[in-house]
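One structure is given below, encoded as structure tokens.
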Amino acid sequence: MEEIAVGLSAEGIQKKVVSPGRGELPSFIDGTKVKFHYRTSLCNGTMLDDSRTEECQNKPMELIMGKKFKLPVWERIVMTMREGEIAEFTCDVKHTALYPLVSQSLRNIRAGKDPLEGQRHCCGIAQIHSHHSTGHHDLDHLQADPQPLVFTIELLQVLTPGSFQLDTWAMTDNEKLDAVPGFHEEGNALFKQGDLVGAAEKYYNAIACLKNLQMKERPGDESWIRLDTQITPLLLNYCQCKLVQGQYYEVLDHCSSILSKYEDNVKAYFKRGKANAAVWNETEARADFAKVVELDPSLGQSVARELRAMEERIREKQKEEKGRYKNLFGVGATATSS
């Protein structure tokens, strides 16, 4: 531990162990996954971020070692820790200059936004010197006046390569391609079990892998088309989950996207027809179902059932509205006569 402390000190990092960990120091080879809670504060104690707060959803940070995370000092300090250890690291400005951008990305993720939203397409150092607002007053102040920071880290878990499933963002291109069949099969199994949320997540992961690879190809090229033909059935499966969950407008968007490229995709017409019917787009639903029968006459009975169900829902809605208006006018009439 003393040798580590000396090495960190020479790098402009001061370590203070708050609570010792357990076991031996892990090897932290490239590909190792670490999970840790973090608290970031200025040297005067002003807190910037704390992963244990409700605002941060009490969600620990996860890093894959060797993946060139934008804040290298986090990898450096974690490598000095044992599982269960809590330590404070005071880091010089040379290690913390990019923290405002890292924090901005993490805050975007928590808010359900694109992690790079608001960041320009240039390197991190250029962004720092551009005086571009992060959208957060505390981070803007730190960006304009870089300071040493104190990171309080609690190392929760260290997972060796191969003992966990990589998140899609951390995969190589080959790993993404290899992961797709597994995601697809897992999605199918979860769908059969009635776990629509889990199934949709698996299909989404498979689509994300393929979309990432497709972005590196020229649209319309053979490789791009080959990837797109893999994406389409996965996206239709994803739409089926959303259809059952009642998320009809998302189904409309995805199916329309598919049909803009593949005008003879019967499944896309059928799912879009059901979604249109669910949101009272009667004309559009009839047009979609007519296209289904045109492309595949064997689905005539299935389409007829969907049309009957839609017509029954429309009649029920009209009856309900008629009754509501009748009661409304009845109340008004009573009030007037009195």
Side-chain angles (χ1 to χ4, degrees), residues 112 180 183-211 214 219-220 224-329:
V180 169
F183 282 137
H184 196 166
E185 291 176 9
E186 290 170 12
N188 290 346
L190 290 169
F191 185 85
K192 289 178 182 178
Q193 295 168 16
D195 184 356
L196 299 175
V197 174
E201 182 180 358
K202 295 298 181 181
Y203 294 138
Y204 180 89
N205 287 341
I207 293 166
C209 287
L210 294 170
K211 282 284 189 183
Q214 192 183 42
W224 188 95
I225 294 172
R226 184 169 60 251
L227 290 166
D228 207 56
T229 57
Q230 291 179 263
I231 291 170
T232 299
L234 288 162
L235 187 53
L236 287 168
N237 287 355
Y238 178 82
C239 285
Q240 183 61 32
C241 294
K242 296 301 178 179
L243 195 60
V244 179
Q245 290 176 293
Q247 298 180 25
Y248 304 118
Y249 289 102
E250 188 170 356
V251 176
L252 292 175
D253 287 342
H254 289 311
C255 287
S256 295
S257 175
I258 291 171
L259 291 168
S260 69
K261 295 176 288 185
Y262 308 105
E263 297 179 355
D264 60 348
N265 193 297
V266 177
K267 290 183 178 180
Y269 277 116
F270 194 85
K271 295 182 195 305
R272 192 174 73 173
K274 293 184 70 170
N276 271 317
V279 297
W280 311 104
N281 294 339
E282 181 182 359
T283 301
E284 292 85 349
R286 290 186 182 280
D288 283 338
F289 288 136
K291 195 68 177 178
V292 170
V293 176
E294 176 188 328
L295 292 169
D296 189 349
S298 69
L299 293 174
Q301 289 187 352
S302 296
V303 166
R305 283 196 298 270
E306 295 296 335
L307 288 172
R308 285 196 297 270
M310 180 180 71
E311 290 162 358
E312 178 61 27
R313 287 178 65 244
I314 291 173
R315 283 194 295 270
E316 288 294 325
K317 183 182 180 184
Q318 291 173 339
K319 182 179 178 180
E320 181 183 333
E321 290 177 347
K322 184 177 179 181
R324 187 158 56 243
Y325 290 138
K326 182 179 179 180
N327 292 335
L328 179 62
F329 291 134

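- Residue M310 comes nearest to A277 through the heavy atom pair SD-CB, 3.6 Å, listed as atom of the first residue, atom of the second, then distance.
- For the pair F183 and L234, the minimum side-chain heavy-atom distance is 4.5 Å or more.
- The shortest side-chain heavy-atom distance between F270 and S302 falls under the 4.5 Å cut-off.
- Heavy-atom neighbours of Q247 CD from other residues, nucleotides or ligands within 6.0 Å: above the threshold of 12.
- Using modelled atom types, one finds no donor on one side chain facing an acceptor on the other under 3.5 Å when comparing N276 with Y248.
- Here the closest non-hydrogen pair linking L236 and K267 is CD1-CB, 3.9 Å.
- Judged by distance alone, the side chain of S257 and the main-chain N or O of D253 form no donor-acceptor pair under 3.5 Å.
- The aromatic rings of Y203 and H184 lie perpendicular to each other, with more than 60° between the two planes, well past the 30° mark.
- The nearest pair of heavy atoms linking G220 to I225 is O-CD1, 3.2 Å.
- When side chains are defined from C-beta on, F191 counts as touching Q240, because their heavy atoms get closer than 4.5 Å.
- Contact check for L227 versus T229: no side-chain heavy atoms found under the 4.5 Å cut-off.
- Under the 4.0 Å criterion applied to side-chain N and carboxylate O atoms, R286 and E306 are not assigned as salt-bridge partners.
- Here the side chains of D264 and Y262 are in contact, with some heavy-atom distance below 4.5 Å.
- What you find for R313 and A278 is that their closest heavy atoms are NH2-O, 3.3 Å.
- Among all heavy-atom pairs drawn from Y269 and L259, the shortest one is CE1-CD2, 3.5 Å.
- Within the 3.5 Å criterion, the main-chain N or O of G198 finds a donor-acceptor partner in the side chain of D195.
- When side chains are defined from C-beta on, R315 counts as touching E312, because their heavy atoms get closer than 4.5 Å.
- Shown here for A206 and V180, the closest heavy-atom pair between the two residues is O-CG2, 3.9 Å.
- By the neighbour-count criterion of 12 heavy atoms within 6.0 Å, atom CD of Q301 is sparsely surrounded, having that number or fewer from other residues, nucleotides or ligands.
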- Query: Going through the distances and angles, do K291 and E294 end up as a salt bridge (Lys or Arg N to Asp or Glu O under 4.0 Å)?
  - Reply: CA-CA 5 Å; K291 195 68 177 178; E294 176 188 328; 3.4 Å; yes
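- Taking 4.5 Å as the limit, some side-chain heavy atom of I314 sits within range of a side-chain heavy atom of E282.
- Within the 4.5 Å cutoff, side-chain heavy atoms of W224 are placed close to those of D228.
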